[in-house]
Number of protein chains: 2
Amino acid sequence: MEIEIDIDDPMPLFTQLVEQIKRAVNNNLIKPGDALPSIRQLANDLEINSKTVAKAYRLLERDSIIQAKGYRGTFVHPEAKANCDFDLNHWLTEKLTEAITLLKKSGATDSEIRIAFNHVMNNNKN
Amino acid sequence: MEIEIDIDDPMPLFTQLVEQIKRAVNNNLIKPGDALPSIRQLANDLEINSKTVAKAYRLLERDSIIQAKGYRGTFVHPEAKANCDFDLNHWLTEKLTEAITLLKKSGATDSEIRIAFNHVMNNNKN
DNA sequence: ATATGTACCATTATTACACATGGTACACAT
DNA sequence: ATGTGTACCATGTGTAATAATGGTACATAT
């Protein structure tokens with residue numbers, strides 16, 4: 001599995017990582033049970049910060065593409081390929097489009113919608 | 001009708017204007033059909049920019065609290081008092097809370113929700 | 001000892017937006 | 001001419017969030 005990072009790419013580094021690992025799963029370059037390089041190892045190879053790699057791994061694990069097994073390392077999730085089909089961001093966009101379309105029909109300004117949105121996001125913080 | 005603006009108040013100037021005019025309607029200080037000071041006039045009295053006053057008037061007209069009649073000036077809307085009861089911002093907050101609660105249940109990060117939100121808001125721009 | 005994932009603390013640069021400001025101009029009717 | 005609402009152009013300032021960086025520390029098991 002070869003991973004390449006393009007610093008000039010406007011896409012965030014952690015997103016590039018997520019995308020490439022997902023692609024590798026889809027193309028059978030890595031299969032369920034295969035071990036992934038450790039966070040520090042991969043960060044060292046790509047010459048980027050380990051926190052950036054950790055962020056990508058965290059997202060991939062949440063989506064059940066990979067599985068972190070503590071000190072034993074990280075592995076491809078048994079149902080990784082099936083879970084790759086579900087694009088959370090696409091789903092988020094769909095749901096938000098529905099909601100925002102409704103709000104705009106009421107005559108709400110973009111500013112008002114943004115402000116109300118930020119208000120909700122900030123108040124639900126523990 | 002007396003309107004006062006507090007520059008030290010963190011609340012935006014145009015919001016202060018909207019709130020005070022709504023309050024004046026609710027307290028019967030101004031009644032349907034009454035004329036409001038012109039945008040330039042009020043801006044001059046309060047020593048603020050006319051665009052700020054225009055923004056407040058625009059929002060009030062959208063919510064049918066006032067009615068702009070072109071060269072004749074601006075007047076209190078016939079059903080101003082009833083329309084004061086409906087708080088658009090409160091309604092926006094409710095709807096967005098529903099939507100965001102659903103998204104968070106899916107495990108989406110605050111960052112991901114914000115990014116998807118901005119994506120939707122920017123794509124609907126003409 | 002070494003290496004694993006993970007959880008905190010923090011700073012920096014960039015980006016985007018809200019807010020308010022100023023100027024200019026138009027169509028309209030008194 | 002004057003004043004009405006309205007629509008563009010534009011700028012500056014402050015705030016807030018993302019993205020990425022760095023350091024430190026912990027429990028785990030080899």
Side-chain angles (χ1 to χ4, degrees), chain A residues 5-18 35-44 46-62 66-75 89 108-123 125, chain B residues 5-18 35-62 66-75 89 108-123 125-126:
Chain A
I5 292 299
D6 180 9
I7 312 184
D8 296 331
D9 193 321
M11 186 185 302
L13 301 185
F14 75 91
T15 304
Q16 293 186 41
L17 275 178
V18 170
L36 277 81
S38 79
I39 290 179
R40 292 176 178 81
Q41 178 77 49
L42 187 53
N44 212 338
L46 299 176
E47 294 178 329
I48 62 179
N49 196 279
S50 62
K51 308 307 181 322
T52 305
V53 179
K55 182 174 185 180
Y57 275 31
R58 196 186 325 133
L59 293 175
L60 286 167
E61 183 171 29
R62 185 202 53 189
I66 66 177
Q67 265 183 334
K69 299 192 176 181
Y71 63 93
R72 272 172 288 176
T74 307
F75 304 87
N89 287 323
T109 306
D110 282 20
S111 284
E112 289 174 321
I113 296 177
R114 284 199 173 94
I115 291 173
F117 173 81
N118 288 326
H119 189 254
V120 173
M121 293 296 289
N122 292 338
N123 276 12
K125 278 193 176 175
Chain B
I5 294 299
D6 181 9
I7 313 183
D8 296 330
D9 193 323
M11 184 185 302
L13 302 185
F14 76 90
T15 304
Q16 293 186 40
L17 275 179
V18 169
L36 278 79
S38 78
I39 291 179
R40 292 176 179 82
Q41 178 78 48
L42 187 52
N44 212 337
D45 291 351
L46 300 176
E47 291 177 333
I48 62 179
N49 196 280
S50 62
K51 309 305 182 326
T52 305
V53 179
K55 183 175 183 179
Y57 274 31
R58 195 186 325 131
L59 293 175
L60 285 168
E61 182 170 31
R62 183 204 54 189
I66 65 177
Q67 266 184 334
K69 299 192 175 182
Y71 62 93
R72 270 172 290 174
T74 307
F75 303 87
N89 287 323
T109 307
D110 281 20
S111 284
E112 289 173 322
I113 295 177
R114 286 186 205 271
I115 292 173
F117 173 81
N118 287 327
H119 189 252
V120 173
M121 292 297 290
N122 293 337
N123 275 12
K125 279 193 177 176
N126 314 329

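Order of the sequence lines fixes the chain letters, A, B, ..., with proteins taken first and strands second; residue numbering starts at 1 for each chain. In what follows, every heavy atom counts, from backbone to side chain, and hydrogens, waters and symmetry copies are set aside.
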Report which part of the nucleic acid B/E112 touches: base, sugar-phosphate, or nothing (heavy-atom distance under 4.0 Å, all strands). nothing
Helix axis bend for the helix from C/dA1-D/dT30 to C/dT30-D/dA1 - C1'-based end axes, five pairs, 10° rounding: 0°
Taking the minimum atom-to-atom distance to the side chain of B/A68, which one of D/dG5, C/dG5, D/dT4 wins? D/dG5
Please report the distance, rounded to the nearest Å, between CE in B/M121 and C1' in C/dT15. 17 Å
Do B/R40 and D/dG3 have a side chain to base donor-acceptor pair shorter than 3.5 Å? no
On DNA chain D, check which nucleotide each of A/M11 and A/N118 is closest to and give me the residue with the more 5' one. A/N118
A/K55 NZ - C/dC8 C1' separation (whole Å): 16 Å
Specify the separation, in whole Å, of atom CZ of B/R72 and atom C1' of C/dA27. 14 Å
Rounded to whole angstroms, how far apart are CG on B/L13 and C1' on D/dT13? 14 Å
Could you check whether A/T74 gets within reach of a base, just the sugar-phosphate, or nothing at all, counting any heavy atom under 4.0 Å? sugar-phosphate
Nearest-angstrom distance from the residue atom CD of A/Q16 to P of D/dT18: 19 Å
From D/dG22, D/dA19, C/dG5, nucleotide with atom closest to A/N49 side chain: D/dG22
Measure NZ/B/K51 against C1'/D/dC8 and give the value in whole Å, please. 10 Å
Looking only at side-chain atoms of B/F14, point me to the closest of C/dA20, C/dT4, D/dT6. C/dA20
With respect to the side chain of A/Y71, which nucleotide from D/dA20, D/dT18, D/dT28 is positioned closest? D/dT28
